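Report on the structure given below.
Model, not experiment: these values are computed from the prediction. In what follows, every chain begins at residue 1, and chains take the letters A, B, ... in the order their sequences are listed.
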2 protein chains.
Amino acid sequence: MRTAVAERILDIAERLAQTRGFNGFSYADIAEELSVTKASLHYHFPSKSELGRALLVRYQLVFGRALEAIDAEAGTAVEKLQRYIALYDSVMRDDRMCLCGMFAAEYATLPEPMQEELRHFFDANEQWLTRVIGEGKRTGELSLWDSSEERARLFLGALEGAMLVARSYKDDRRFRRAAEHLLADLQTASRSPTLRRKARATRSRHRT
Amino acid sequence: MRTAVAERILDIAERLAQTRGFNGFSYADIAEELSVTKASLHYHFPSKSELGRALLVRYQLVFGRALEAIDAEAGTAVEKLQRYIALYDSVMRDDRMCLCGMFAAEYATLPEPMQEELRHFFDANEQWLTRVIGEGKRTGELSLWDSSEERARLFLGALEGAMLVARSYKDDRRFRRAAEHLLADLQTASRSPTLRRKARATRSRHRT
DNA sequence: GTCTATAGGTGGATAGAC
DNA sequence: GTCTATCCACCTATAGAC
């Protein structure tokens with residue numbers, strides 16, 4: 001179990017990381033906001049690398065619990081995806097970027113342990129989305145011409161990208177619209193014969 | 001007209017910015033690669049802020065010319081979008097992130113002149129995409145249930161996000177697949193009555 | 001234009017008193 | 001656990017010789 005001070009440090013560091021990036025804040029920033037010295041912070045998190053890893057581990061834990069709550073409470077696949085989008089939306093409304101989207105941009109500069117945790121986050125999200133989209137496919141709520149996994153990857157990437165761009169305009173409606181349209185596409189992605197031909201063509205291209 | 005040395009500095013800075021971010025490289029990095037001293041760099045670009053702005057201005061110029069070339073050479077809207085995607089794909093194959101996607105992540109830490117140039121880049125891209133998608137709509141190549149502008153924003157954001165995530169896996173096929181599926185959605189986004197109802201609902205929600 | 005030298009600041013991190 | 005004091009590496013930027 002982590003101390004209350006450590007949690008406060010993580011809270012502040014998380015917000016700074018989500019707004020300015022991992023390379024965009026320092027121990028001095030946290031220290032000032034918490035009204036302690038930099039040295040005190042090093043007692044709780046000896047290195048910034050360890051602080052960053054702790055941020056990612058906690059973020060995944062919270063995110064994972066949120067996904068479990070969605071599974072427990074939401075009925076249909078569409079409802080689940082709507083609540084998944086709402087998770088991202090609440091981050092945007094707080095003028096933040098998804099922590100992992102932010103770290104993905106800085107990937108090349110991150111210590112290896114953080115890179116590993118980051119991939120783990122994306123893997124877990126893709127797996128959850130793949131499952132939910134697969135459920136929706138089976139129940140007939142969603143109609144895709146491609147695989148649930150491909151669709152999950154597109155979905156995740158598109159949400160991250162929509163956040164990224166919307167932040168430059170400080171316009172969270174931009175994000176919400178993109179998210180809604182993305183979900184609408186899933187619910188309707190064409191059943192036309194033309195489309196099915198394309199799907200076959202795309203799939204065969206990927207096999208090569 | 002800019003000197004050859006200034007161009008080389010921009011080339012190196014651009015690659016560093018696209019891989020490590022604007023806050024992820026220093027004058028020392030460029031100096032070492034160019035085998036000159038840091039002081040020499042300041043002769044060409046007095047401050048890092050000005051260097052960053054020069055990067056964005058040149059990037060937009062090159063990108064803008066590429067879009068003009070697409071307009072001149074490509075026939076159909078689908079061909080244009082394919083070539084637009086190819087622009088991003090060539091960046092990915094070089095293990096880079098779109099410069100502007102990268103800067104978008106660091107937005108909060110950028111000097112104001114760079115923030116302005118960044119929004120300008122996204123605006124120009126959205127306008128071009130809006131026009132091309134609108135063309136495809138009129139010719140019947142594309143079938144969307146929402147506006148060309150909304151679709152353009154989703155398209156741009158989704159490409160940026162797909163790049164962002166794919167880079168964490170050093171897997172450019174990930175990006176290509178997402179891009180292909182995104183385009184396929186555009187070519188087919190459902191004509192079903194169910195969809196049209198949804199479109200009306202979405203539009204009315206946005207009016208409020 | 002490029003160099004040496006350096007200023008002035010901030011980064012992460014540690015030692016040791018309390 | 002938190003502090004003061006300090007280290008050293010690195011950052012952007014400038015002065016002035018060549």
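Using modelled atom types, no side-chain atom of B:E160 and backbone atom of A:A162 make a donor-acceptor pair closer than 3.5 Å. Checking side-chain atoms of B:Y27 against main-chain N and O of B:S47 turns up a donor-acceptor pair under 3.5 Å. Under a 3.5 Å cut-off, the side chain of B:E141 and the backbone N or O of B:A77 do form a donor-acceptor pair. B:D29 contributes a side-chain N or O that, together with a main-chain N or O of B:S26, makes up a donor-acceptor pair within less than 3.5 Å.
Atom CG in A:N23 sits roughly 18 Å away from atom P in C:dT10 (whole-Å rounding). As rounded to whole Å, 18 Å separates atom C1' of C:dC3 from atom CD of B:E32. For the pair B:Y43 OH and C:dG1 P, the interatomic distance rounds to 4 Å; values are reported in whole Å. When the C1' atom of C:dT2 is taken as reference, atom CZ of B:R8 falls 15 Å away, rounded to whole Å. Rounded to whole Å, atom C1' of D:dG1 lies 17 Å from atom CZ of A:R2.
For the pair A:R174 and A:Y169, the cation sits on the ring face: its NZ or CZ lies under 6.0 Å from the ring centre, inside 45° of the axis. At least one test fails for B:K170 against the ring of A:Y107: distance under 6.0 Å to the centre or angle within 45° of the axis.
Listed pair B:T37 / C:dC3 meets the phosphate criterion, a side-chain N or O lying under 4.0 Å from OP1 or OP2. The phosphate of D:dG1 (OP1 or OP2) has no side-chain N or O of A:S40 nearer than 4.0 angstrom.
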Would you tabulate the nitrogen or oxygen pairs shorter than 3.5 Å linking the protein to nucleotides 10-13 of chain D?
| unit_1 | atom_1 | unit_2 | atom_2 | d |
| --- | --- | --- | --- | --- |
| D:dC11 | OP1 | B:S26 | OG | 2.9 |
| D:dT12 | OP1 | B:K48 | NZ | 3.3 |
| D:dT12 | OP2 | B:Y27 | N | 3.1 |
| D:dA13 | OP2 | B:K48 | N | 2.6 |
| D:dA13 | N7 | B:H42 | NE2 | 3.2 |

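Aromatic ring orientation, B:F63 versus B:Y88: perpendicular (interplanar angle above 60°, classes split at 30° and 60°).
Taking every heavy atom of both residues into account, B:K48 and B:F25 meet most closely at NZ-O, 2.7 Å.
Overall, the helix from C:dG1-D:dC18 to C:dC18-D:dG1 carries an axis bend of 0° between its ends, with five pairs at each end and the value rounded to 10°.
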